[in-house]
Trainee: 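Just dropping this structure here.
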Amino acid sequence: MKKSFIFLPLCALSLLAGCNFLDKRPLTDITPENFFTSSDDAEASLTAVYDALQNTGAYGQDLNVMGEMPSDNCTSTNGDVNAMDKIIWTPTTSQVYNVFRQAYVGINRANIVLKYVPNIAMDTARRSQIQGEARFARALCYFNLVRAYGGVPLRLTPTESGAPADVNLARSTAEQVYAQVVADLQRAAIQMRTSNPNRAGKNAANALLARVQLTQRNWAAAQAAANKVIAAGVSLNGSFKSLYPAENKGGESLFEIQYAGNADGGNILPDLLLPSPLATYSFPKFNIPTTELLAYADTVNDRRWAYNGQVTSGSRIVGRDHASYIDGKPGRNGNSNDVGPFVYKWTSIGNNFNSTDNTYVLRYAEVLLAYAEAVNEQTGPSADVLAKLNLVRQRAGLEALTLASTQALSKQALRNEIDRQRRLELAFEGERWFDLLRYARHTAADASATHAVNALDLIQQQRSARDVNYLLFPLPQAELNTNPLLQQNPGY
Amino acid sequence: MPSLLTPVGKHYRRPATLAAGVLLLHALTTPASAQLLAVNLPNQSMPALAPASSVSLKTLLKQWENEYHATIFYESQLVDNKRVMTQPTEGSLATKLATVLPQANLQYKELRDNYFVVTKRAEAAAQTTAAAVAPQDVPVTGRVTQTNGEPLPGVTVLVKGTTNGTATGADGRFSLTVPEGSTLVFSSVGFVRQEITVGNTTTFNIQMKDDQQSLSEVVVVGYGTQTRQELTTAVTSVGAAAIERQPVAGFDQALQGQAPGVQVTAPTGAPGAGINVRVRGNASLSLNGSPLYVIDGVPVLPSYDQEISVGNQRINPLNTINPNDIESIDVLKDGAAAAIYGLRAANGVVVITTKRGKVGQAQVGLSVYYGRQYLRNKLAVLNAAQAAQEVNEIQAGAGLAPLYPNLNNLPPYNTDWQDEVYRPASLQNYQLNVSGGTDKTRYYISGGYFNQQGIGLNSGYDRYNFKINLDQQLSTRFRVGTNLNMSRSHTNGSTRSELALGNSGTVLGALSQLPTVPVRNPDGTYGVNPFNQSDNPVGDLLESNIQAVVYQVVGNLYGEFDILKNLKARSSVGIDFRTQNENQFTSRNYPGTANSDPATRGSARTAFNQQVIWLLENTLTYNPELGEKHHLTLLAGQSMQASDRFTSGASTQGFVSNAVPYLSAGAIASGIPGSYQDQWSLLSYFGRATYNYDERYLLSVSLRADGTSRFTDKYRFGYFPAVGLGWNVAKEAFFPQNTAVSNLKLRASFGANGNQEIYTYQRFSRYSAGSNYQGAGSSILGGITQGTIGNNDLRWETTYQYNGGLDLGLLNNRLTFTFDIYNKQTKDLLLDVPIPVSTGAGSLSVTQNIGRVENKGIEIGLVTTNVQPKDGGFGWTTNFNVSGNRNRIIDLGTQVNDAGVATSRSIINSYSISQAGQPLGAFYGYQVQGIFQSDAEGRAAATQNGSKGRAGDIQFRDVNGDGVINDQDRSIIGNPNPKAFAGVTNNFSFKGLELSVFFQGSFGNEIYNQNRQILESQSDPLNQSVSVLNHWSPTNTNTDIPRPVRNDPNGNNRFSTRWIEDGSYVRLKNVTLAYTVPVGLSQRAAIKSLRVYATAQNLVTWTRYKGYDPEVSADPFSSTGFGRDYGVYPQSRTYTVGLNANF
């Protein structure tokens, strides 16, 4: 029957359809398969990495709170940061979760860039720069994790499948994480050529490497990394006052987190730190300078701390020209929450949790101090050490030290002076608690190397015991609940 | 020998094209059987036959019956296992019979069109009767009717042992001249054969009785049919009568209570809304739990998730079929029955067969009904004076000033909002069909219109549907045909009808709006609650509307070709095509926007969804000849299916006028218009062997391999085997052959089925835009990164089902009993589970195959003929079924608890919990212990809501004993799964009268009455249920209603046992009284038959449930959140009158 032949094509069609027929890919979703084809895609994926650093779980709020609230710099009556302030954090404390969460979001986004961008056909110099920036961001996130939580799962490829084997990863040792951070930063410093005030560059990578090596007490390596920045010809801004708020002023700024305000979600931090006004709302603020800190600082002569009046823009007060301000008068709203010292390294231009103020991550003053510390730890006081330290002191309006100065008479004396300058220079920028942790470990490793105060002193003060377990934050409960391969840090 | 006359076509009550899949074409000859030929040939003078060209006569007759859609009767001993030669002659069946029958010493007679009877050749017959003296011939006449008095055309009337006979005409009459004293044999498919001796009477009124056994004889099993005798699996068939009786929009709703193991709930009374059907429980935790519907061979899975919907009013794509067009519904319940549909069959398969034309002159059928629907019951709420008093007490409880300072000077209104929102509504249905055919062509065409107004203002559903079923015989070996169902349905709804309170929900809005508020203020504006600015439910309904129009085509084209006599190929191309268009408009007068900026008032939204799913299927069916007692059917097939869906939508606002309710009349766009497209595909190969030995030992084995686009290559194909065994004990020689036990069969089966209904692209990592960051200057750079991660390890969720069954027929099948017991184990549940934070994934949950669910249960079906009607007298039949299903979660994987110990995972939703050992959807909340009679009692008890309870507050149980009532004190407080559900239909007939009474019920399920959580909350200035009049006070302490207090400081209204109610009910679902007008009467109006009837639907409901209706669910399509009543559109009570006429 001729008519039967119509069956043959139908059958054949079905049988041959085979594999392609079942291959249906998303049409209206962006996927790794249809993305990553052009330089625009490379740029967009890198932009998302920076976006992760901007988040409130990272530099937008919690990382700063974690770096300052437990320390001797800050206190607060706000319940949201009480656990950080009083060192009573637990695996369910929000900052413990948020910092961990957001660091891994940044790592995953950086891993995405590092997996796919190398295969994109585009300008090779730009491609190398993009990879370098992603490496820098990954290193920054891992460094923040390892110094807060100890060894964490080391994930170097993007999470792209939810299969248990892909998502559950055991902890690496802290040494392994540090090694990865160092490797990433060294590679990033090579890959990054250009200097863009809005983005990480070669100097930022070396500056961060100096911080990382200092944390590991690899003094020579820290010196070498810091020296690369110094040799690159970076210099301090002339005036400390002009540094704040951070607004892409270049020069001393090696890496800062950008906030565009209304156009792209602004910086929340200023409204959490400043009295109202300048902030929109009155409530117990975060990171209130402790009286101990204000007593410690020379609030008369040190330009970083002396009160020289308000900074106005037209008739509007936009800030103070120092890092803290002692004011006995209630704020404009008469609310007691707005009385007392506050942090003024942000000015909250653009209010309602939507400030355009940037946040510094790395600036040259810290590199100088790191260099000084690294060299002092190796060789003790020297002209080289004092030369770098004095740049910072002198900009603050303090006299230059000489080898005859009491602060430079011994390695230990100079160590204390460097500690002091770090604290005063970098106050409220999110580094203090991590410095104190570093000091505690330094003293533990070398009993002769003492610091005026270290994290264990504060743990003793808050918890009435020198509980070394609190030198690490606990892993968040949500991670432990989902990843059966993890062990909690001791003591939690 | 009880029955000598065997109508070959008896089994093929269903359309032949569907039956054809398992046609027993035994004609392939083997050398072994050829050697037996000679003994079958009494005429030795016939030339020797070439063995390869002879075929079994019985097979040949069956084949011809199918080809010509004819009926051929013969006495079985005549045909026996004789073999004949065939010549490749073209031509009519008569020609062929004339060629072939003489070889076997047989002849035929054509009684009427397409009715043939095979007898001995005249000479042979003459020899046997030669000795007898030829009796005198007498003329006999008579009329044959059914039990309901309707005439029965096409009944064969034969003089026993002769070819002398005729068939009844359309009026059931016959006339014949027969030898005196001979016996007349009356036979017709589906009826019990009768023999009458011609004595003195020559006029006969014969009433044919339904053959209970044959009525359920043929079962559509997927790519073919089987007789019930041959069946090894659990299949329930529901006939047209039970479906047509109910005045509902869709057949799925009419299935309720008709089939054991099939739980049907109409979760809402909204016209046209989706119906929830579950076959043997919920086999999945998060995937679509609906059974697969196979409509004329086209699989349709109602995935309500992908329908456009507003306010959870999901449109039901199954409404597209007019129930009047359905011939039968077969529910494949066990794993082995469903396995041939492997993919998507884990929740059972519902096979819908629509009506087809029959050979004969054109039949015209008309059915019409009209009905009125009423709100079934009103809930008792406070009147104006009571409400004002209550509101003041709520204020006073919190130390606040009264809102009605002077109860003697209230606003001059006492609005009954339920009266304002609900109305009696009409229901009407018209359906006209024409069917008929010749031996080459058969057709069934129909058109219908259905219109159901909603009992709520501004709601309704209407549908036009058209149907064409066509079968054409192109040659003796080649057939083509089509089945097409087309419809346009239109749902009219208001924007916000359900599932919310105050400003959004009109059901709860009508209950909770204060009666002191008028429908309209004197100035014509809508009255609103002055204390919390909640809207006016009447205004909400009238000033917003959403029009949804769905066009749908479901159908296929098929071709069938007989490659060999017993090897048949079939190809079909099917389509399931749907467009859905929604236009929503909220007018400038919408009460909720009365205070908005006039420039933004009025809004419109439109959404469009188009989906085409095409299907290509090829099957081969082979029936090897293995001898008389071996019956083997082999099926091999292949299926491809693919879907392409496109959706778009846009909104505008700021309408200067209400005149044009379309997007373009809006001043400004709201949001970014969107569009979306997705595709999926399925590729399947399947095979099945059914074998029985002498209809005593039955075996069925099948395997289906399904590939899906939803999984990666590695896990793409799922393999779904099945095996079924059966033993017809009653056919064994040792079994007493009497009518007391007429049928006894044991069945056992195992089958595996798959489920892959996750989001189409779930396995892919998907990226999203919006991770932006500041670039140079003030520019913003767009960032794109991973939003959700996929899972390349996803694979089939698989259900393994074991079934054991017993079929019993007693008293010549006057009582048939079916019992099934099953155990369904669903493994590799596709479930969203949280993943480690350290993945850095944008969304910290991912779909994994994790956990197991079990459903097990029993089903009992009983059909009895309690009174056999005699001569059109009183008759009574009962159809009863009851089912019990228990489901529980066996495993949900593990999670590490806060103590660092790996424990089984619990997933807690807002009011339910999924936990190993518990049923799906278990309610999870607080336990009420009582009411504090004094502040001191409250102080002595645990802290609740951060403070101590006061006198009149509820005391909740401190489950963990830590002195604080918090999340940790929740426990399982209820089970929304029924322990049993049942249906019973009684049919009474007397003369032309027929009364059908259908009860249906659900037992042991609990309902979370969230409406009461508002109406007895006593915490806001809203109207309350009358039960709050009995609230606690120092002088009324013996009560379970706590004190009124604004803002509920103690959390008295938290989700607790207080809101859990027994949802058991028994409902007189349907009562139908019908009268078939005597033919003599109707024929005067040129009507062949006329049946008029009156029906009451949802007439009486017996329940303790306090809400509108116990058949309710606010989240009907969730497997873990069902059984909640929250602002759900109430069910109506419906009275209809109608008629069915045939011309």
Side-chain angles (χ1 to χ4, degrees), chain A residues 1 3-4 6-7 10-11 13-15 17 21-32 35 41 43-45 47-48 50-51 54 100-101 104-105 107-109 112 152-153 155 158-164 167-169 198 258-260 263-264 476-484 488, chain B residues 474-475 477-478 559 561 569 571 616 618 638 640 642 675-681 683 707-709 716 760-761 764-768 771-776 778 780-786 789-793 834-842 846-848 894-898 900 902:
Chain A
M1 300 297 281
K3 285 156 192 162
S4 69
I6 67 164
F7 287 100
L10 287 181
C11 298
L13 176 64
S14 313
L15 294 167
F21 177 69
L22 289 179
D23 199 18
K24 302 287 186 200
R25 284 167 187 282
L27 299 170
T28 41
D29 286 304
I30 303 167
T31 65
F35 192 52
D41 297 347
E43 299 285 354
S45 64
T47 299
Y50 285 102
D51 175 67
Q54 186 185 47
F100 189 86
R101 161 80 174 133
Y104 272 109
V105 168
I107 288 163
N108 192 44
R109 291 180 182 184
I112 287 168
V152 291
R155 192 178 283 283
T159 302
E160 300 192 300
S161 165
V167 297
N168 296 335
L169 192 61
N198 303 316
Q258 313 281 314
Y259 290 96
D264 174 43
Q477 191 61 45
E479 173 73 6
L480 291 163
N481 286 350
T482 47
N483 187 348
Q488 180 58 284
Chain B
L474 293 180
S475 76
R477 297 169 71 191
F478 193 31
F561 180 66
S571 279
L616 173 60
N618 298 298
Q638 170 275 341
M640 294 171 79
S675 68
Y676 175 84
Q677 187 171 12
D678 68 18
Q679 295 175 333
W680 53 257
S681 56
L683 177 63
T708 172
S709 62
R716 186 155 272 169
T760 313
Y761 301 127
F764 291 95
S765 284
R766 300 189 298 279
Y767 281 40
S768 51
S771 302
N772 302 342
Y773 196 70
Q774 188 174 3
S778 60
I780 304 300
L781 299 178
I784 295 176
T785 195
Q786 193 187 65
I789 60 171
N791 182 352
N792 285 331
D793 276 0
I835 55 170
V837 185
S838 63
T839 57
V846 71
T847 308
Q848 290 183 1
T894 55
Q895 64 188 5
V896 181
N897 71 6
D898 293 359

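FYI, side chains are in, hydrogens and waters are out, and symmetry mates aren't considered; it's all heavy atoms of this structure. Note on naming: letters A, B, ... go to the chains in the order of the sequence lines (proteins, then strands), and numbering restarts at 1 for each one.
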Trainee: Is chain A contacted by the side chain of Q786(B), its backbone, both, or neither, given a heavy-atom distance below 4.5 Å?
Mentor: both
Trainee: Examine whether an atom of P32(A) lies under 4.5 Å from a heavy atom of chain B, and if so say whether it belongs to the side chain, the backbone or both; otherwise answer neither.
Mentor: both
Trainee: Checking R155(A) against chain B: side chain, backbone, both or neither under 4.5 Å from a heavy atom?
Mentor: side chain
Trainee: So which residue, T159(A), V152(A), I107(A), ends up with the most heavy-atom pairs under 4.5 Å with chain B?
Mentor: T159(A)
Trainee: Flag the one option from A642(B), S768(B), G782(B), S675(B) with the top tally of heavy-atom pairs under 4.5 Å to chain A.
Mentor: G782(B)
Trainee: Please look at E160(A) and chain B and tell me whether the side chain, the backbone, both or neither of the residue comes under 4.5 angstrom of a heavy atom of that chain.
Mentor: both
Trainee: Check step by step if side-chain contact (heavy atoms from CB on, under 4.5 Å) holds for S771(B) and R109(A).
Mentor: CA-CA 10 Å; S771(B) 302; R109(A) 291 180 182 184; 3.6 Å; yes
Trainee: What part of L27(A) gets within 4.5 angstrom of chain B, counting heavy atoms only: side chain, backbone, both, or neither?
Mentor: both
Trainee: In terms of heavy-atom pairs under 4.5 Å, which option from D41(A), N483(A), V167(A) contacts chain B the most?
Mentor: V167(A)
Trainee: Is there side-chain contact between Y767(B) and I112(A), with heavy atoms separated by less than 4.5 Å?
Mentor: yes
Trainee: Using heavy-atom distances under 4.5 Å, tell me whether Y676(B) contacts chain A through its side chain, its backbone, both, or neither.
Mentor: both
Trainee: If we define contacts as heavy-atom pairs under 4.5 Å, which of T894(B), N792(B), I780(B), T839(B) has the most with chain A?
Mentor: T839(B)
Trainee: If I compare all heavy atoms of Y773(B) with all of Q258(A), which pair ends up nearest, and what's the gap?
Mentor: OH-N, 2.8 Å
Trainee: Using a 4.5 angstrom heavy-atom cutoff, name the option from V105(A), L169(A), T31(A) with the most pairs to chain B.
Mentor: V105(A)
Trainee: Do you know which of N772(B), L781(B), T847(B) has the most heavy-atom pairs with chain A at a distance under 4.5 angstrom?
Mentor: N772(B)
Trainee: Under 4.5 Å from any heavy atom of chain A, what part of I784(B) do you find: side chain, backbone, both or neither?
Mentor: both
Trainee: Select, from P26(A), A48(A), A163(A), A260(A), the one with the greatest count of heavy-atom pairs under 4.5 Å involving chain B.
Mentor: P26(A)
Trainee: Rounded to the nearest 0.5 Å, how far does CG of L22(A) lie from OG of S709(B)?
Mentor: 6.5 Å
Trainee: Could you state the interatomic distance from OH (Y104(A)) to OG (S838(B)), rounded to the nearest 0.5 Å?
Mentor: 5.5 Å
Trainee: To the nearest 0.5 Å, what is the distance between CD on Q774(B) and OH on Y259(A)?
Mentor: 11.0 Å
Trainee: Side chain, backbone, both or neither: which part of V846(B) has a heavy atom under 4.5 Å from chain A?
Mentor: side chain
Trainee: What option among S45(A), P153(A), A44(A), P158(A) has the most heavy-atom pairs under 4.5 Å with chain B?
Mentor: A44(A)
Trainee: Examine whether an atom of T708(B) lies under 4.5 Å from a heavy atom of chain A, and if so say whether it belongs to the side chain, the backbone or both; otherwise answer neither.
Mentor: backbone
Trainee: Please round to the nearest 0.5 Å and tell me the distance separating atom NZ of K24(A) and atom OG1 of T760(B).
Mentor: 11.5 Å
Trainee: In terms of heavy-atom proximity below 4.5 Å to chain B, should F35(A) be classed as side chain, backbone, both, or neither?
Mentor: side chain
Trainee: Looking only at heavy atoms, what is the nearest atom pair of N168(A) and P836(B), with distance?
Mentor: OD1-CG, 3.3 Å
Trainee: Which value, rounded to the nearest 0.5 Å, describes the distance between D23(A) atom CG and Q679(B) atom CD?
Mentor: 11.0 Å
Trainee: Begin with the C-alpha distance, continue with both residues' side-chain angles, and end with the deciding distance and a verdict on side-chain contact (heavy atoms from CB on, under 4.5 Å) for D29(A) and F764(B).
Mentor: CA-CA 9 Å; D29(A) 286 304; F764(B) 291 95; over 6 Å; no
